[in-house]
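Step one of this worksheet: look at the structure below.
Counting starts at 1 for both ligands and their atoms, in listed order.
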Amino acid sequence: MSDFIAVLNGPNLNLLGTREPAVYGSDTLARVEHLCTETAERYGLAVKFLQTNHEGEMLDRIHQWRAEAAGFVVNAGAWTHTSIALRDALVTVESPLLEVHISNVHAREAFRHHSYLSDIAAGVIVGCGIQGYQFAIERIAALRES
Ligand code: DQA
């Protein structure tokens with residue numbers, strides 16, 4: 001196992017900062033990446049950061065990193081609510097999976113209340129804004145130390 005945390009972002013998250021700022025805030029994805037790197041460095045960990053709008057690319061990357069990463073932080077965007085393929089890939093990862101959503105999905109439309117990932121995740125962080133990514137990395141670091 002290597003000393004990196006995989007941070008995976010699904011569809012439309014490249015638009016962070018300009019997309020529905022009332023829901024997702026004004027921070028950009030570049031800011032999220034910086035926050036993740038900064039947080040992981042405190043624990044001597046690196047970050048490999050991916051955003052993709054292509055489900056196959058996301059699956060390929062999970063296959064590539066599934067046995068290597070020290071943990072997975074995943075904001076799968078809308079695939080959270082739709083993708084059994086993503087779930088099937090993530091169930092194979094060998095390190096803790098933390099599911100993150102910037103918005104409080106439970107306070108939104110009913111179709112966002114179900115996640116194909118929550119029951120296979122070591123933890124779920126919703127509605128904490130981009131700080132949720134920081135919490136997820138801190139949790140992975142704590143699990144490594146326990
Ligand atoms: C999201 C919530 C999802 O329902 C939505 O499709 C997204 C972003 C969030 O971070 O709050 O794209 O995952």
Side-chain angles (χ1 to χ4, degrees), residues 4-43 45-144:
F4 75 88
I5 295 177
V7 180
L8 308 180
N9 295 278
N12 303 308
L13 287 163
N14 54 309
L15 299 179
L16 213 56
T18 53
R19 169 198 187 200
E20 298 184 85
V23 177
Y24 299 113
S26 55
D27 285 313
T28 61
L29 196 65
R31 173 79 193 113
V32 173
E33 181 169 6
H34 184 74
L35 174 66
C36 289
T37 304
E38 212 176 36
T39 305
E41 273 173 3
R42 286 199 265 121
Y43 300 95
L45 294 164
V47 161
K48 291 193 181 179
F49 197 88
L50 172 75
Q51 188 281 325
T52 179
N53 294 319
H54 304 277
E55 193 173 351
E57 187 183 357
M58 177 74 92
L59 300 180
D60 287 344
R61 205 61 75 91
I62 293 165
H63 298 171
Q64 192 183 338
W65 290 342
R66 53 180 284 277
E68 273 183 47
F72 282 78
V73 175
V74 178
N75 183 351
W79 293 332
T80 307
H81 319 297
T82 62
S83 180
I84 297 168
L86 182 61
R87 175 199 172 89
D88 285 349
L90 286 171
V91 88
T92 75
V93 306
E94 296 177 12
S95 55
L97 163 65
L98 272 290
E99 178 183 352
V100 171
H101 299 287
I102 295 165
S103 66
N104 180 359
V105 285
H106 301 293
R108 300 180 63 195
E109 303 96 322
F111 61 80
R112 295 184 205 277
H113 297 177
H114 177 260
S115 164
Y116 278 107
L117 309 181
S118 296
D119 66 305
I120 60 164
V124 181
I125 299 161
V126 303
C128 294
I130 69 165
Q131 208 180 0
Y133 289 82
Q134 177 190 325
F135 296 155
I137 290 170
E138 288 171 347
R139 180 64 182 155
I140 288 169
L143 289 171
R144 274 164 67 83

Heavy-atom donor-acceptor pair, N12 side chain to N53 backbone, under 3.5 Å: no

Distance-minimising heavy-atom pair for V23 and S103: CG1-CB, 3.8 Å

Aromatic ring proximity, centroids under 6.0 angstrom, W65 and F72: no

Closest non-hydrogen atom pair between I102 and L13, with its separation: CD1-CD2, 4.3 Å

Under 4.0 Å from ligand 1, counting heavy atoms only: the protein residues, by chain and number: R19, Y24, N75, G77, A78, H81, H101, I102, S103, V105, R112

Under 3.5 Å side-chain donor-acceptor pair for Q134 and T39: no

H101 and H81 aromatic ring geometry - parallel, tilted or perpendicular at 30°/60° bounds: parallel

